Asks: 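Structure provided below as structure tokens; questions to follow.
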Amino acid sequence: MTERVFNFSAGPATLPVSVLEKAQAELLNYKGCGMSVMEMSHRSKAFEGIINEAEADLRRLLSIPDNYKVLFLQGGASLQFTMIPMNVLPKGASADYILTGSWGQSAFKEAKKLGSIREAATTADTNFNRLPNPEETTLDPNAAFLHFTSNETIFGVEFQDEPGTGDVPLVCDMSSNFISKPVNVSKYGLIYAGAQKNAGPSGVTMVIIREDLLDRVPDGLPAMLDYKNLVKNGSMYNTPPCYSIYICGLVFKWLLDDIGGLDRIEALNREKAAILYNAIDASDGYYRGHSEKACRSMMNVTLRLPSEELENKFVKEATAAGLDGLKGHRSVGGLRASIYNAFPKEGVVRLVEFMNDFQKSNG
Ligand SMILES: *Cc1c(COP(=O)(O)O)cnc(C)c1O
């Protein structure tokens, strides 16, 4: 390969070329510091500027209200599966989890090790191809929080709106559709997202937490797992993932300045997803989407072909044609096209052309 491919990877995933170019230009000598961001002290003025600007830009992008704290943490979204119940599930209380896929299941499994956790709904019976209807959801009005996964990356199922909770704080794993569209942050108690799907490289996880939930943090937690301690230290209790934070900051600037904000990126994402789903629906059943139409993900498009043999052939030939990373996760099979913010529309058009040609030759 001498050129960049169209990278459909589910994560780590494609980044905006202009961000990579900016990082390249600043690699050896960041803004006259005479060193790269990788080499500078996290206590330096230059890095202080980088992390403060990244936070300010994220706040602007999502219109995060002042009574929310923003953290840049390590350990991936997966560590939040543990930290959330540790910090905001008081002793003796119970929390509700809505399970719409593997990530929600993992969050549920980890939380159960730490307290009383209830399954409020699950769609495991149909291999997570849909969202639960209100009739099959039982919410505990006294729950400490309700956890859900706004977009299940593996199955390609996305909430179109927040589940109703009354006064119960909503906690959301937004890893794979974070900053893909505007979100009303004030509806949430806590939002978390690993960066490597939509916001930057791996190594950093954003946590947005409403201040009053910090009052729940029990004394005596290990310092690295204690939200209150991490907030107090401005995400720098220890050395933060400096370079990952820097790249996330560039991505936030790209969204604000080049794209024009989250309304605009949502429109672009909707357009890309529609091109692909329309091609699936127009294929006379040759391509079959995994998720029900009303729950289709704008970010991860999951589909099957008439046979596993054809699916393998498709992936092999697509890869050779510069359409990379299309093999689906083993729990769904088939193909998965992840088309996050930075994935270009041109790549979706190329995939649809490839799909049409493949169907003609193998129909
Ligand atoms: C990728 C992903 C995770 C896991 O993220 P890590 O950073 O690898 O821990 C969790 N939840 C969702 C929805 C994801 O897409």
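Note that ligands are numbered from 1 as they come in the structure, with each ligand's atoms numbered from 1 the same way. Keep in mind the model is a prediction, meaning the values are calculated, not measured.
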Asks: With heavy-atom distances below 4.5 Å as the criterion, would you say the side chains of Tyr340 and Gln196 are in contact?
Replies: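 No, side chains not in contact.
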Asks: Heavy atoms, side chains only, cut-off 4.5 Å: are His329 and Thr153 in contact?
Replies: no
Asks: Within less than 4.0 angstrom of ligand 1, does Ile154 place any heavy atom?
Replies: no
Asks: Does ligand 1 come near enough to Ala77 that some N or O of the ligand is less than 3.5 Å from an N or O of the residue?
Replies: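 For ligand 1, there is an N or O atom that lies under 3.5 Å from one belonging to Ala77.
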Asks: Taking heavy atoms and a distance under 4.0 Å, where does Asn151 meet ligand 1: side chain, backbone, both or neither?
Replies: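 For Asn151, only backbone atoms sit under 4.0 Å from ligand 1.
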Asks: Counting only heavy atoms not in Lys181 (residues, nucleotides, ligands), do more than 12 fall under 6.0 Å from its NZ?
Replies: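 More than 12 within 6.0 Å, yes.
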Asks: Does any N or O of ligand 1 fall below 3.5 Å from an N or O anywhere on Lys197, backbone included?
Replies: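 Among all N and O atoms of Lys197, at least one is under 3.5 Å from an N or O of ligand 1.
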Asks: We want to know whether Asn269 and Ser180 form a side-chain donor-acceptor pair, criterion being a heavy-atom distance below 3.5 angstrom.
Replies: no
Asks: Which ligand 1 atoms, with their elements, are less than 4.0 angstrom from a heavy-atom of Gly76?
Replies: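 Once the distances to Gly76 are compared, the set is 7 (O), 9 (O).
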Asks: Taking only heavy atoms of Thr149 into account, list the atoms of ligand 1 that are under 4.0 Å away from them.
Replies: 13 (C)
Asks: Can you measure from OH (Tyr227) to CD (Gln80) and round to the nearest 0.5 angstrom?
Replies: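 Spacing of OH (Tyr227) from CD (Gln80) equals 4.0 Å.
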Asks: Looking only at protein heavy atoms, which one is nearest to atom 9 (O) of ligand 1, and how far off is it?
Replies: Ser78 OG, 2.6 Å
Asks: Report yes if Gln196 has an N/O atom closer than 3.5 Å to an N/O atom of ligand 1; otherwise report no.
Replies: yes
Asks: Report yes if some N/O of Thr153 lies less than 3.5 Å from some N/O of ligand 1; otherwise report no.
Replies: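 In this structure, Thr153 places an N or O atom under 3.5 Å from an N or O of ligand 1.
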Asks: What protein heavy atom lies closest to atom 11 (N) of ligand 1? Include the residue and the distance to one decimal.
Replies: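 The answer is Asp173 OD2, 2.6 Å.
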Asks: Quick one about Glu119 and Thr122 (side-chain donor to acceptor, distance below 3.5 Å, no hydrogens or angles considered), yes or no?
Replies: no
Asks: Is it true that Asn177 and Asn198 share a donor-acceptor pair across their side chains at a distance under 3.5 Å?
Replies: no
